[in-house]
Peer 1: 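Here you go, one structure.
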Amino acid sequence: MDWDDFMQGAQADIGMLSKEIPETVAGFNQMGAAAKKSGALPEKTKEIMALGIAITTRCDSCIGFHVKSLVRLGLTREELCEALAMATYMGGGPSYAYSAKALKAYDTFSK
């Protein structure tokens with residue numbers, strides 16, 4: 001998978017849908033901003049949690065969005081791999097495959 005091309009397509013698709021359901025999108029964005037806000041848990045920890053959920057639910061675009069956020073937040077490859085080990089443990093074989101996708105996404109977006 002070419003992560004850059006895939007994410008451009010996903011963002012275009014989401015942008016098209018967003019024009020059709022602007023109130024839903026505004027609510028979703030407000031919820032996301034509130035959930036990601038650093039508090040007792042820093043944003044980076046919350047994004048690691050979101051990535052684990054994205055892996056176990058097998059959501060390619062979610063993996064891309066959360067890996068991009070984690071790169072922005074300074075996640076190291078070592079930290080990512082430890083998170084991927086936990087996601088694989090919790091999700092079994094399918095999560096193993098999607099964890100590999102997340103690692104490839106990290107390598108692409110951290111260049």
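Because the structure is a prediction, the values reported are computed rather than measured. For the single chain, residues carry numbers from 1 onward in sequence order.
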Peer 1: If you take all heavy atoms of Thr56 and Gly91, which pair is closest and at what distance?
Peer 2: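 Distance-wise, the nearest heavy atoms are CG2-CA, 4.2 Å.
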Peer 1: For the side chain of Lys36 and the backbone of Glu47, is there at least one donor-acceptor N/O pair under 3.5 Å apart?
Peer 2: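 Side chain of Lys36 to backbone of Glu47, a donor-acceptor pair under 3.5 Å: no, none is there.
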Peer 1: So do the side chains of Ser95 and Tyr89 get within less than 4.5 Å of each other, counting heavy atoms only?
Peer 2: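 A side-chain contact is absent here, since even the closest heavy-atom pair is not under 4.5 Å.
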Peer 1: So, taking the atom named CG in Leu73 and the one named OG in Ser38, what distance separates them when rounded to the nearest 0.5 Å?
Peer 2: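 Separation between the atoms: 8.0 Å.
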Peer 1: Quick one: do Met1 and Val67 end up in the same hydrophobic cluster if we chain Ile, Leu, Val, Met, Phe, Trp and Tyr together by side-chain heavy atoms under 4.5 Å apart?
Peer 2: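 They do share one cluster, since a chain of ILVMFWY contacts under 4.5 Å joins Met1 to Val67.
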Peer 1: Could you see if Leu103 belongs to whatever hydrophobic cluster contains Ile48? Use Ile, Leu, Val, Met, Phe, Trp, Tyr and a side-chain cutoff under 4.5 Å.
Peer 2: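 Same cluster: Leu103 reaches Ile48 through Ile, Leu, Val, Met, Phe, Trp or Tyr contacts under 4.5 Å.
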Peer 1: Rounded to the nearest 0.5 Å, what separates atom CD in Glu79 from atom CG in Leu70?
Peer 2: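 Between atom CD of Glu79 and atom CG of Leu70 there are 9.0 Å.
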Peer 1: Check the surroundings of atom OH in Tyr96: do more than 12 heavy atoms from other residues, nucleotides or ligands lie under 6.0 Å from it?
Peer 2: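 No - once you tally the heavy atoms of other residues, nucleotides and ligands closer than 6.0 Å, there are 12 at most.
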Peer 1: With a sphere of 6.0 Å drawn around NZ of Lys104, does it hold more than 12 non-hydrogen atoms of other residues, nucleotides or ligands?
Peer 2: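 Atom NZ in Lys104 is not packed in, count stays at 12 or less.
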Peer 1: Find out if a path of hydrophobic residues (ILVMFWY) with successive side-chain heavy-atom gaps under 4.5 Å connects Val25 to Leu17.
Peer 2: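 Yes, one cluster joins them.
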Peer 1: Is the Lys NZ or Arg CZ of Lys101 less than 6.0 Å from the centre of Tyr98's six-membered ring, within 45° of the axis?
Peer 2: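 Pair Lys101/Tyr98 counts as cation-pi.
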Peer 1: Does Met49, at its CE atom, have more than 12 non-hydrogen atoms belonging to other residues, nucleotides or ligands within less than 6.0 Å?
Peer 2: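 No - once you tally the heavy atoms of other residues, nucleotides and ligands closer than 6.0 Å, there are 12 at most.
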Peer 1: Can you measure from NE2 (His66) to CD1 (Ile53) and round to the nearest 0.5 angstrom?
Peer 2: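 That separation rounds to 8.0 Å.
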Peer 1: Which atom names give the shortest non-hydrogen contact between Ala54 and Cys62, and what distance separates them?
Peer 2: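 So the minimum-distance heavy-atom pair works out to CB-CB, 3.6 Å.
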Peer 1: What distance do Leu51 atom CG and Met86 atom CE have between them, rounded to the nearest 0.5 Å?
Peer 2: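 Separation between the atoms: 13.5 Å.
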Peer 1: Measuring from atom OH of Tyr106 to atom OG of Ser99, what distance do you get when rounded to the nearest 0.5 angstrom?
Peer 2: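 Answer for the OH-OG pair, Tyr106 versus Ser99, is 15.0 Å.
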Peer 1: Nearest 0.5 Å please: distance from the NZ atom of Lys44 over to the OG atom of Ser69.
Peer 2: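 Separation between the atoms: 13.0 Å.
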Peer 1: Check whether any side-chain heavy atom of Ile14 lies under 4.5 Å from a side-chain heavy atom of Phe65, and answer yes or no.
Peer 2: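 The answer is yes, as the side chains (C-beta and beyond) meet within the 4.5 Å cut-off.
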